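As the structure is a computational prediction, the values presented were derived from the model and not from experiment.
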Amino acid sequence: GEDVEQSLFLSVREGDSSVINCTYTDSSSTYLYWYKQEPGAGLQLLTYIFSNMDMKQDQRLTVLLNKKDKHLSLRIADTQTGDSAIYFCADPRGQGNFNKFYFGSGTKLNVKP
Amino acid sequence: DTGVSQNPRHKITKRGQNVTFRCDPISEHNRLYWYRQTLGQGPEFLTYFQNEAQLEKSRLLSDRFSAERPKGSFSTLEIQRTEQGDSAMYLCASSLYRYPYEQYFGPGTRLTVT
C-alpha cells in the first residue's frame with residue numbers, strides 16, 4: 001500500500017539470523033510497527049518502535065530505524081521453523097498519524113531445517 | 001481479554017447476494033478498524049470508528065459497503081450485491097486511543113463470491 005516497500009521473499013536456515021527490510025514514505029510517522037501473519041490467520045503484532053529511537057531490542061527481535069533514509073528493518077536472531085510466516089511493516093497515516101495503517105506487500109520468510 | 005473476534009470465519013456466497021460480517025473488539029478499545037486483504041498483498045484500510053462515530057472511509061469503500069458500530073462496541077460490515085472482486089479476507093482491528101496506538105487484529109473473515 002502507498003509506497004511501503006518490502007522485498008517479497010527471504011529464505012534462511014534454522015539457527016541463522018533473518019533480516020527483513022522495509023522502506024516507508026511518511027516522514028511524520030511517530031511509530032512504526034512490525035506484524036507477523038501465518039497462513040489463514042490474522043496479523044499478530046510483534047513489536048513497534050518510536051521514531052526518536054534508532055534501535056529497539058525485544059528478546060530475539062531487533063528493530064533498526066534509519067529516519068533519514070526512511071528505512072526500517074527487523075532482525076530475528078536464531079531463526080526457528082516456527083518463524084516461517086509473512087512479515088509486514090506498518091506505517092500509520094492520517095490526522096494525528098494513527099487513523100489507519102499502510103502495509104507493505106509483506107516479506108515471506110521461509111526457514112529451512 | 002479474549003482478543004479481537006470475527007464471525008463468520010468463512011463465507012461463501014453467490015454473486016448479487018448481501019453478506020454481513022461481525023467484529024467484536026478488545027473490550028476497552030475505543031477504536032475499531034476494518035481492512036481488506038487480497039492474496040499476496042498487505043491489508044488495505046477500509047474505514048475506522050472512534051466509539052460509535054465512523055470518522056474515515058477509504059475510497060475503496062464503494063456505496064455497496066456499509067459499516068456500523070451502533071453502541072461503540074461490536075461492529076458490522078455489510079456488502080450489498082456482492083461481486084467476484086469482493087472476494088478477499090476482511091480483517092478487523094482495534095486499538096486504544098493513546099500512544100502507541102498499536103492495532104490488534106482479529107483472525108479475519110474470508111469471503112468467496114462465486
Quick check on [X]: does its [atom1] atom have over 12 non-hydrogen neighbours (other residues, nucleotides or ligands) under 6.0 Å away?
| X | atom1 | value |
| --- | --- | --- |
| B/Glu68 | CD | no |
| B/Asp63 | CG | no |
| B/Arg64 | CZ | yes |
| A/Leu61 | CG | yes |

When clusters are formed by joining ILVMFWY residues with side-chain heavy atoms under 4.5 Å apart, either directly or through shared neighbours, do [X] and [Y] land in the same one?
| X | Y | answer |
| --- | --- | --- |
| A/Ile86 | A/Leu109 | yes |
| B/Leu46 | B/Tyr101 | no |
| B/Val113 | B/Phe65 | yes |
| B/Phe74 | B/Val19 | no |

Do you know the tightest heavy-atom contact between [X] and [Y]?
| X | Y | answer |
| --- | --- | --- |
| A/Gly40 | B/Arg9 | O-NH2, 3.7 Å |
| B/Gly42 | A/Phe88 | CA-CE2, 3.3 Å |
| B/Met89 | A/Ala41 | CE-O, 4.5 Å |

Discussion item. Taking side chain as everything from C-beta outward and backbone as N, CA, C, O, which of these in B/Gln6 sits under 4.5 Å from a heavy atom of chain A? Side chain, backbone, both or neither.
Written reply: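 Looking at B/Gln6, nothing touches chain A.
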
Discussion item. For B/Arg110, which atoms come within 4.5 Å of any heavy atom of chain A: side chain, backbone, both, or neither?
Written reply: neither

Fill in: Among A/Tyr31, A/Tyr48, A/Phe50, ring-ring contact (aromatic ring centres under 6.0 Å, His included) partner for B/Tyr99
A/Tyr31

Practice prompt. Would you please indicate yes or no on a ring centroid separation below 6.0 angstrom for B/Phe105 and A/Tyr35?
Written response: yes

Practice prompt. Would you check if the distance from the ring center of A/Phe101 to the ring center of B/Tyr35 is below 6.0 Å?
Written response: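 No.
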
Worksheet item: What part of A/Leu43 lies closer than 4.5 angstrom to a heavy atom of chain B: side chain, backbone, both or neither?
Response: both

Worksheet item: What part of A/Gln37 lies closer than 4.5 angstrom to a heavy atom of chain B: side chain, backbone, both or neither?
Response: side chain

Worksheet item: With A/Lys100, which of B/Phe45, B/Tyr48, B/Tyr33 fulfils side-chain contact (heavy atoms from CB on, under 4.5 Å)?
Response: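 Testing each of B/Phe45, B/Tyr48, B/Tyr33 against A/Lys100, the sole residue satisfying side-chain contact (heavy atoms from CB on, under 4.5 Å) is B/Phe45.
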
